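The structure appears right after this line, and notes come after that.
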Amino acid sequence: MALFPMFIDIKNKKVLIVGGGMVALRKIEKLIPFDPDLKVISIDFHPETYKIIKENSIPYEKRAFSFSDLDNVDIVIVAVDDIDLQREIFEKTRDKNILVNSVDSPDYCDFIFPAYVKRGEIVIGITTSGNLPGLSAKLRKHIEKTLPENLEEIFEQIKRVREKLPKGEERQKKILQLIDKLFE
Ligand SMILES: C[C@@]1(CC(=O)O)c2cc3[nH]c(cc4nc(cc5[nH]c(cc(n2)[C@H]1CCC(=O)O)[C@@](C)(CC(=O)O)[C@@H]5CCC(=O)O)C(CC(=O)O)=C4CCC(=O)O)c(CCC(=O)O)c3CC(=O)O
Ligand SMILES: NC(=O)C1=CN([C@@H]2O[C@H](COP(=O)(O)OP(=O)(O)OC[C@H]3O[C@@H](n4cnc5c(N)ncnc54)[C@H](O)[C@@H]3O)[C@@H](O)[C@H]2O)C=CC1
């Protein structure tokens with residue numbers, strides 16, 4: 001079943017990462033550019049994960065997860081090598097307002113991580129709906145190579161023109177012309 005790409009504002013949302021391995025690291029790196037309120041709880045930490053936590057002053061606790069850790073959390077990423085815990089967290093959050101991502105189990109996910117390309121406010125998300133993550137990574141690299149190098153700069157320029165003009169047909173025409181030029 002294909003998944004719908006919903007783009008969501010996570011700025012200041014309370015995001016709990018459970019686990020401190022390389023997969024947790026990758027999730028943290030992906031989340032940081034979107035400014036969430038991160039916290040990490042893990043029994044132990046991979047040195048690289050510890051490094052990014054320290055460098056970004058992310059609050060962390062070195063201990064096992066407990067279900068009370070879900071109090072006041074908006075999003076939880078279960079990046080542990082324990083499918084039972086992924087399932088339990090998913091089940092225990094069904095009557096809570098918490099979105100879950102489980103790194104091993106699309107069945108225990110409310111959302112899955114995309115590969116993405118970000119150029120300022122332009123974000124291109126890629127998914128295989130959980131089926132072939134390695135392909136999402138490959139497609140991301142392919143897209144990165146094909147995008148115009150000055151995309152963000154041009155985007156900012158056209159955005160400013162759009163903001164200044166009054167809404168309506170004339171603006172639509174002008175903006176679409178400028179966008180077409182980008183790919184000439
Ligand atoms: C379902 C999902 C859940 C989720 O994490 O949200 C999930 C699950 C699993 N990944 C596994 C393996 C790999 N994952 C990657 C890479 C990425 N995985 C990411 C997302 C997702 N991975 C979600 C689906 C995304 C989609 O729909 O496409 C990306 C896009 C985002 C990110 O993680 O940041 C990131 C690329 C980012 C980038 O490069 O831009 C690579 C390649 C590599 O490492 O280079 C491999 C090895 C090759 C392979 O197996 O494909 C395994 C098996 C583990 C094992 O075998 O033990 C599982 C579990 C399972 O499949 O059961
Ligand atoms: N979604 C994805 O992109 C991918 C997912 N995976 C899967 O992700 C899982 C994690 O992979 P790695 O980070 O390499 O594993 P890892 O074993 O290095 O890390 C697991 C971390 O979870 C912590 N942990 C385990 N139980 C805990 C608990 N009850 N409370 C708190 N912390 C706990 C451990 O201390 C460790 O830091 C694996 O099961 C792997 O199959 C692997 C590759 C890609």
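Start at 1 and go down the list; that is how both ligands and their atoms are numbered. Keep in mind that what you see is a predicted model, and the values were worked out from it rather than measured.
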Counting heavy atoms only, which of P133, G134, A79 comes nearest to atom 21 (C) of ligand 1?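 Among P133, G134, A79, the closest heavy atom to atom 21 (C) of ligand 1 belongs to P133.
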Who gets closest to atom 6 (O) of ligand 1 by heavy atom: L139, I126, N101, V78?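 When every heavy atom of L139, I126, N101, V78 is considered, N101 comes closest to atom 6 (O) of ligand 1.
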How far is atom 16 (P) of ligand 2 from the closest protein heavy atom, and which atom is that?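 Result: G21 CA, 4.3 Å.
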Suppose we measure from atom 24 (N) of ligand 2 to each protein heavy atom; which comes out shortest, and what is that distance?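 Heavy-atom neighbour on the protein nearest atom 24 (N) of ligand 2: V80 CG1, 3.6 Å.
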Show me which atoms of ligand 1 lie under 4.0 Å from any heavy atom of [X].
| X | value |
| --- | --- |
| S129 | 27 (O) |
| D104 | 59 (C), 60 (C), 62 (O) |
| K27 | 4 (C), 5 (O), 6 (O), 32 (C), 33 (O), 34 (O) |
| S136 | 26 (C), 28 (O) |
| T128 | 26 (C), 27 (O), 28 (O) |
| G130 | 1 (C), 24 (C), 26 (C), 27 (O) |
| I112 | 6 (O), 24 (C), 27 (O) |

So for atom CG, which belongs to D180, do other residues, nucleotides or ligands contribute more than 12 heavy atoms lying within a distance under 6.0 Å?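 Result for CG/D180: enclosed.
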Kindly indicate whether [atom] is approached by any protein heavy atom to under 4.0 angstrom.
| atom | result |
| --- | --- |
| atom 40 (O) of ligand 1 | yes |
| atom 36 (C) of ligand 1 | yes |
| atom 54 (C) of ligand 1 | no |
| atom 30 (C) of ligand 1 | yes |
| atom 27 (O) of ligand 1 | yes |

Quick check on [X] - does any of its heavy atoms sit under 4.0 Å from an atom of ligand 2?
| X | result |
| --- | --- |
| D82 | no |
| P133 | no |
| M22 | yes |

Using a heavy-atom cut-off of under 4.0 Å, does the side chain or the backbone of [X] touch ligand 2, or both, or neither?
| X | result |
| --- | --- |
| D81 | both |
| R26 | side chain |
| K27 | side chain |
| L85 | side chain |

Separation of Q172 CD from K167 NZ (nearest 0.5 Å):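 Between atom NZ of K167 and atom CD of Q172 there are 10.5 Å.
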